[in-house]
> 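The following block contains the structure, expressed as structure tokens.
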Amino acid sequence: MDLTELRQEIDRIDRELVALYEKRMEVCRKVAEYKIGSGKKVLDKEREKDKIRTVQELAHNDFNRCGVGELFEQIMAMSRKLQYRLLRENGKAEELSFDSVGEIPTDRVKVVFQGAEGAYSQAAMVEYFGEDVDSYHVDSFREAMVEIAEGKADFAVLPIENSTAGNITDVYDLLMEFDNYIVGEQVIRIRHCLLGTDDSRVEDIERVYAHPQALMQCAHYLNERGVQQIGMKNNAFAARKISEEGDVHQAAVAGEYAARVYGLKVLEEGINDCKTNATRFIIVSRRKMFLQNARKVSICIEIEHKSGALYQALSHFIFNGLNMNKIESRPIEDKDWEYRFFIDFDGNLEDDAVKNALFGLQEECSRMKILGNY
């Protein structure tokens, strides 16, 4: 047979495969109808394992046995997705219990941010809620989460990602620990400045204070000048120190907002190495709500530590046509070499495709939490 004839033979076999696939899915639809009435779970792990072993025994060599196993894993996964969709359409899926709102309230609300007056978190808060927002600050991310969990504040503003330094992992962990949710986000351009007293000059500076990450982001500028670099809890604390001590030989790395708050002079602007540096801040609330026009969903999943588990979980996005734009892993405390995955994808909690994907993940993952839709 020549290549054309071989391809025609493959086409014929493929038509048979498609016909058999559709026939199988029709039977799966009837299985779903039975489960709708009986309340039986979709996923039966032991039956699927037995099924794969059985079909692999029908193959005639090791290569085909491996391929048949993978093929039937996918066929059964698609069967489950069909059943999840039918169960949800028939009201057998748990409601998401998030409130859809026309806007996030910004008037007459109390907001907490981490850090000191003049922190980038405060700048992000003012950008989102306005200059007149009723606000206060705490020292740690955890304290901010506690404040909203206990109802002392309506919202918290927390950094979650920097374009050059990466994720703020502590905030990810706190989102899983507390029953708080992301309702909005604000991106702030990070433009580090060298801040000193009114009577100081750049050439006077011998010691520079800032958060270690800020010092790293300005390493080229600072190293060139040979100044002593001293880490602090955050940049705002550094700016406050310079303001309180009034030493012309000291400076802080912080933003222009901190300079205004503490009455400092900007000795040099934009000293960070990367000029496109930005930080994404999240607006967190204890209320489970989302904007009607929200287009980003953040979730966290925990899965079994076995081959293919992550692929199977991510297949719910593929099957439902959802665009996943971020995935990060974090180790699970007290579980060696096991991880949870934080995922951002495009969508709204009112979308059928999103509901189908979340229902499937809820059923198949060890744990799944919706962190927010914003």
> State which residue, out of Lys335, Lys45, Arg367, fulfils the salt bridge (Lys or Arg N to Asp or Glu O under 4.0 Å) condition with Glu304.
Lys45

> Classify the side-chain pair Asp179/Tyr181 by whether it contains a donor and acceptor separated by less than 3.5 Å.
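Yes.
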
> Does Lys51 NZ have over 12 foreign heavy atoms under 6.0 Å away?
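No, not enclosed.
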
> Does a side chain donor of either Gln8 or Thr4 reach within less than 3.5 Å of an acceptor in the other side chain?
no

> Calculate, to the nearest 0.5 Å, the distance between atoms CG and CG belonging to Leu267 and Leu194 respectively.
5.0 Å

> For the residue pair Ala259 and Val266, what are the closest heavy atoms and their distance?
CB-CG2, 4.0 Å

> Does the pair Asp352 and Arg88 meet the rule for a salt bridge (charged side-chain N to carboxylate O under 4.0 Å, His left out), with working shown?
CA-CA 9 Å; Asp352 285 337; Arg88 194 189 64 75; 3.3 Å; yes

> Between Arg207 and Asp247, does the salt bridge (charged side-chain N to carboxylate O under 4.0 Å, His left out) criterion hold? Intermediate values first, please.
CA-CA 10 Å; Arg207 297 177 300 280; Asp247 187 339; 3.0 Å; yes

> Could you tell me the separation between the CG atom of Asn180 and the CG atom of Leu158, rounded to the nearest 0.5 Å?
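Separation between the atoms: 9.0 Å.
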
> Could you go through the salt bridge (charged side-chain N to carboxylate O under 4.0 Å, His left out) check for Asp351 and Arg295 one step at a time?
CA-CA 10 Å; Asp351 298 342; Arg295 293 313 309 162; 3.6 Å; yes

> Does atom CD of Glu333 have more than 12 heavy-atom neighbours from other groups under 6.0 Å away?
no

> Just wondering, are more than 12 heavy atoms of other shown residues or ligands nearer than 6.0 Å to CD in Glu5?
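More than 12 within 6.0 Å, yes.
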
> Minimum heavy-atom separation for Asp346 and Leu322, please, with both atom names.
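So the minimum-distance heavy-atom pair works out to O-CD2, 3.9 Å.
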
> Please determine whether side chain to side chain contact (heavy atoms under 4.5 Å, CB included) holds for the pair Phe155 and Val109, giving the CA-CA distance in whole Å, both sets of side-chain angles, and the decisive distance to 0.1 Å.
CA-CA 8 Å; Phe155 300 98; Val109 295; 3.9 Å; yes

> Answer yes if the side chains of Thr197 and Asp199 hold a donor-acceptor pair under 3.5 Å, and no otherwise.
yes

> Do NZ/NE/NH1/NH2 and the carboxylate oxygens of Lys288 and Asp99 come within less than 4.0 Å?
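The answer is no: the pair does not qualify as a salt bridge.
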
> Assess the residue pair Glu26 and Lys23 against the criterion (salt bridge (charged side-chain N to carboxylate O under 4.0 Å, His left out)); give the C-alpha distance rounded to whole Å, side-chain angles, the decisive distance to 0.1 Å, and a yes or no.
CA-CA 5 Å; Glu26 185 55 38; Lys23 187 174 182 180; over 6 Å; no

> Where is the tightest heavy-atom contact between Tyr262 and Ala236, given as atom of each residue plus distance?
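Distance-wise, the nearest heavy atoms are CE1-O, 3.8 Å.
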
> Let's go through Glu245 and Gln250 carefully: what are the C-alpha distance in whole Å and the side-chain angles of both, what is the deciding distance for side-chain hydrogen bond (donor to acceptor under 3.5 Å, both in side chains) to 0.1 Å, and is it a yes or a no?
CA-CA 9 Å; Glu245 296 183 1; Gln250 297 184 156; 3.0 Å; yes

> Are side-chain heavy atoms of Val284 and Val183 found at a separation under 4.5 Å?
no

> Give the intermediate values and the outcome of side chain to side chain contact (heavy atoms under 4.5 Å, CB included) for residues Glu33 and Leu86.
CA-CA 8 Å; Glu33 291 170 356; Leu86 293 172; 5.7 Å; no

> Within this structure, what is the OH-CD distance for the pair Tyr34 and Gln83, rounded to the nearest 0.5 Å?
12.5 Å

> Could you tell me which non-hydrogen atom of Met78 sits nearest to which non-hydrogen atom of Met25, and how far apart they are?
O-CE, 3.6 Å

> Inspect the surroundings of OH in Tyr136 and state if more than 12 heavy atoms from other residues, nucleotides or ligands are less than 6.0 Å away.
yes

> If we ignore angles and hydrogens, is there a donor and acceptor under 3.5 Å between the side chains of Arg191 and Asn272?
no

> Do Glu302 and Tyr339 have a side chain donor and acceptor closer than 3.5 Å?
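No, because no side-chain N or O of Glu302 sits under 3.5 Å from a partner of the opposite role on Tyr339.
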
> As an exercise, state the distance from CZ of Arg85 to CZ of Arg29, rounded to the nearest 0.5 Å.
9.5 Å

> Got Ser100 and Glu350 here, is their nearest side-chain heavy-atom distance under 4.5 Å?
yes

> For the CD1 atom of Ile332 and the OG atom of Ser366, what is their distance to the nearest 0.5 Å?
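Answer for the CD1-OG pair, Ile332 versus Ser366, is 7.5 Å.
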
> What is the minimum heavy-atom distance between Ala156 and Ala144, and which atoms define it?
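For Ala156 and Ala144, the tightest heavy-atom pair comes out as CB-O, 4.1 Å.
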
> Answer yes or no for Lys241 and Tyr209: cation-pi contact, defined as NZ/CZ to six-membered ring centre under 6.0 Å and angle to ring axis within 45°.
yes

> Gln292 and Asn348: side-chain hydrogen bond (donor to acceptor under 3.5 Å, both in side chains), yes or no, with the steps?
CA-CA 8 Å; Gln292 293 167 355; Asn348 186 284; over 6 Å; no

> Any side-chain heavy-atom pair from Phe281 and Val187 closer than 4.5 angstrom?
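Answer no - side chains too far apart.
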
> Can you name the residues that form a side chain to side chain donor-acceptor pair (under 3.5 Å) with Lys275, not counting sequence neighbours?
none

> Would you check if Gln56 and Thr54 make a side-chain contact, meaning some heavy-atom pair closer than 4.5 Å?
no

> How close do Thr279 and Asn162 get, heavy atom to heavy atom, and via which atoms?
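Minimum heavy-atom contact is OG1-ND2, 2.8 Å.
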
> Counting only heavy atoms from other residues, nucleotides and ligands, does the tally under 6.0 Å from CG of Asp132 exceed 12?
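Open.
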
> Report yes or no: do Glu117 and Gln122 form a side-chain donor-acceptor pair below 3.5 Å?
yes

> Starting at CG of Asp344, measure out to OG of Ser298 and round the result to the nearest 0.5 Å.
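Interatomic distance, Asp344 CG to Ser298 OG, rounded to 0.5 Å: 3.5 Å.
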
> Can you confirm whether more than 12 heavy atoms, excluding those of Lys326, are under 6.0 Å from its NZ atom?
yes

> For residues Ile301 and Ile303, determine if any side-chain heavy atom of one lies less than 4.5 Å from a side-chain heavy atom of the other.
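In short, these two side chains touch, coming nearer than 4.5 Å.
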
> Examine Arg225 relative to Tyr221 and say whether NZ or CZ is less than 6.0 Å from the centre of the six-membered ring and inside a 45° cone about the ring axis.
yes

> Counting C-beta onward and ignoring hydrogens, is there a side-chain heavy-atom pair between Asn277 and Gln217 closer than 4.5 Å?
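In short, these two side chains touch, coming nearer than 4.5 Å.
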
> Below 4.5 Å, heavy atoms only, C-beta onward: do Leu96 and Gln362 meet side chain to side chain?
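No. Closest side-chain heavy atoms not under 4.5 Å.
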
> Going by salt bridge (charged side-chain N to carboxylate O under 4.0 Å, His left out), name the pairs with one or both residues in residues 57-84, residues two or more places apart or in two chains.
Glu48-Arg80, Asp62-Arg65, Arg80-Glu364

> If we count only N and O atoms by modelled type, under 3.5 Å, do the side chains of Lys110 and Ser135 hold a donor and an acceptor together?
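There is no such pair (donor and acceptor under 3.5 Å, judged by atom type) between the side chains of Lys110 and Ser135.
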
> Please tell me if the side chains of Leu361 and Ile299 come closer than 4.5 Å, counting only heavy atoms from C-beta onward.
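SC-SC contact between Leu361 and Ile299 confirmed.
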
> Hey, what's the ring geometry for Tyr172 with Phe342, parallel, tilted or perpendicular (30° and 60° as the breaks)?
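Ring orientation of Tyr172 relative to Phe342: perpendicular.
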
> Without hydrogens or angle criteria, can the side chains of Tyr120 and His211 be said to hold a donor-acceptor pair below 3.5 Å?
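Looking only at side-chain atoms, His211 and Tyr120 do not form any donor-acceptor pair under 3.5 Å.
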
> Taking atom CZ of Arg47 as the centre, does the number of heavy atoms from other residues, nucleotides or ligands within less than 6.0 Å exceed 12?
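No, not enclosed.
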
> Got a sec: does the CD of Glu94 have more than 12 other heavy atoms crowding it under 6.0 Å?
no

> Are Lys92 and Phe359 in a cation-pi contact, defined as NZ or CZ under 6.0 Å from the six-membered ring centre and within 45° of the axis?
no

